[in-house]
Amino acid sequence: PPPRIFFNASGHLTLLLLHDFHLTPPSSYAANGGKFRGAEDQDRRTAAFARQAAGAGAPPDLIAVGGDMTKGYCCPNGVYERSPSACFDDHSKDTPEAWTHAVDSVLAPLRLPYAAILGNHDHAFSLAESLAIISSDAHHPLSAPRLAAPTSSVSGAGNFLVPVYARSDPAAPNAPPRLAAILAFLDSGGGIFPAGVAADRVAWLRAAVAAMEAGA
């Protein structure tokens, strides 16, 4: 079953925020005429940094990933400024592979629960690919359980809530866990997408929080 998130024994919740991995899918390390030369070493150093950050103190209760786990439409320096369309090449279709690579090589080895939102690089200019990423990620054994916004009626990709529970009372160890907090992850745009949290996402957030609290 997916891991539930709890406040620790001291009543605190420790989050480790990671973002902007910009990992390249392994199949592209040597592709695209060497455009991503050095990416394999960069990806290894990114994974090493994540391990160092996660091990710097007491283990975090949740890793929150703020987007851009993949390179997506990344270009060589200066290319976007000269010709943005040159960046939207066939590499963008590799985003789901790069996302899986990021989870397997960076997040999974940490053996900690995580919740990851898509960044503008992760969208891959394809709603179908974005939905495939969201769907597969939600079923990863380390992915924190969540209430996701319906993508058919709420704009953006990756809007969801993560419930956080209070530690069980030692006097009632078999009592159901009590909802103590809710973490909201919302698509705020950026990059080539309009920046900001759209009104429909705010409306969904209010309704979803109320529903989660009512069902607690």
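All values reported here derive from a predicted model rather than from experimental measurement.
The structure places OG1 of Thr70 at 8.0 Å from CG of Leu118, a figure rounded to the nearest 0.5 Å. Note that the CG atom of Asp41 and the OG1 atom of Thr46 stand 9.5 Å from one another [nearest 0.5 Å]. One finds the OG1 atom of Thr100 at 8.5 Å from the CE atom of Met69 (value rounded to the nearest 0.5 Å). We find the CZ-CG distance between Arg44 and Leu23 to be 11.5 Å, quoted to the nearest 0.5 Å. Once rounded to the nearest 0.5 Å, the distance linking CD1 of Ile133 with CD of Glu97 reads 11.5 Å. In this structure, Gln42 CD and His22 NE2 are separated by 11.0 Å, a value rounded to the nearest 0.5 Å.
When hydrophobic clusters are built by joining Ile, Leu, Val, Met, Phe, Trp and Tyr residues whose side-chain heavy atoms come closer than 4.5 Å, directly or via intermediates, Leu183 is not grouped with Val209. No single ILVMFWY cluster, assembled from side-chain heavy atoms under 4.5 Å apart, contains both Ile182 and Ile5. Side-chain heavy atoms closer than 4.5 Å link hydrophobic residues (I, L, V, M, F, W, Y) into clusters, and following such links, possibly through other members, connects Leu107 to Leu16. The hydrophobic cluster containing Leu62 does not contain Leu17, counting ILVMFWY residues as joined when their side-chain heavy atoms lie under 4.5 angstrom apart, directly or transitively. Hydrophobic clustering of Ile, Leu, Val, Met, Phe, Trp and Tyr side chains at less than 4.5 Å, counting indirect connections, keeps Leu13 apart from Phe6.
Residues passing the ring-ring contact (aromatic ring centres under 6.0 Å, His included) test with His140, sequence neighbours excluded: Tyr114. Contacts of Ser188 classified as side chain to side chain contact (heavy atoms under 4.5 Å, CB included), with partners at least two apart in sequence or in another chain: Val197. In this view, Leu147 and Leu161, Ala208, Met212 satisfy the side chain to side chain contact (heavy atoms under 4.5 Å, CB included) rule, not counting sequence neighbours.
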Practice problem: Step by step, work out the side chain to side chain contact (heavy atoms under 4.5 Å, CB included) result for Leu18 and Ile63. | Solution: CA-CA 7 Å; Leu18 298 174; Ile63 297 175; 3.9 Å; yes

Quiz item: Please walk me through it: do Val65 and Ile117 pass side chain to side chain contact (heavy atoms under 4.5 Å, CB included)?
Solution: CA-CA 6 Å; Val65 183; Ile117 197 166; over 6 Å; no

Self-check item: Residue pair Leu110, Arg51: steps toward the side chain to side chain contact (heavy atoms under 4.5 Å, CB included) verdict
Solution: CA-CA 7 Å; Leu110 303 179; Arg51 290 194 299 272; 3.8 Å; yes

Quiz item: Going through the distances and angles, do Asp61 and Leu15 end up as a side chain to side chain contact (heavy atoms under 4.5 Å, CB included)?
Solution: CA-CA 6 Å; Asp61 301 296; Leu15 303 180; 5.7 Å; no

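Smallest separation of non-hydrogen atoms from Pro177 and Arg4: CG-NH1, 2.9 Å. Of all non-hydrogen atoms in Asp200 and Ser153, the two that sit nearest each other are OD2-O, 4.0 Å. Between Ala115 and Phe160, the shortest heavy-atom distance links the atoms CB-CE1, 3.9 Å. Nearest approach of Ala144 to Val162, heavy atoms of both residues: CB-CG1, 4.0 Å. When every heavy atom of Asp187 is checked against every heavy atom of Gly156, the shortest pair comes out as OD2-CA, 3.2 Å.
Between the side chains of Trp204 and Asn159, no donor-acceptor pair is found at a separation under 3.5 Å.
A donor-acceptor pair is defined here as one N or O able to donate and one able to accept, closer than 3.5 Å; no such pair exists between the side chain of His12 and the backbone of Asn8. Under the 3.5 Å distance criterion, the side-chain polar atoms of Arg201 are matched with a main-chain donor or acceptor of Ser155. In terms of modelled atom types and a separation under 3.5 Å, the side chain of Arg167 and the main chain of Phe7 share a donor-acceptor contact. Between the Ser143 side chain and the Asp137 main chain, a donor and an acceptor come within less than 3.5 Å of each other. Distance alone, capped at 3.5 Å, is enough to place a donor-acceptor pair between the Ser105 side chain and the His101 backbone.
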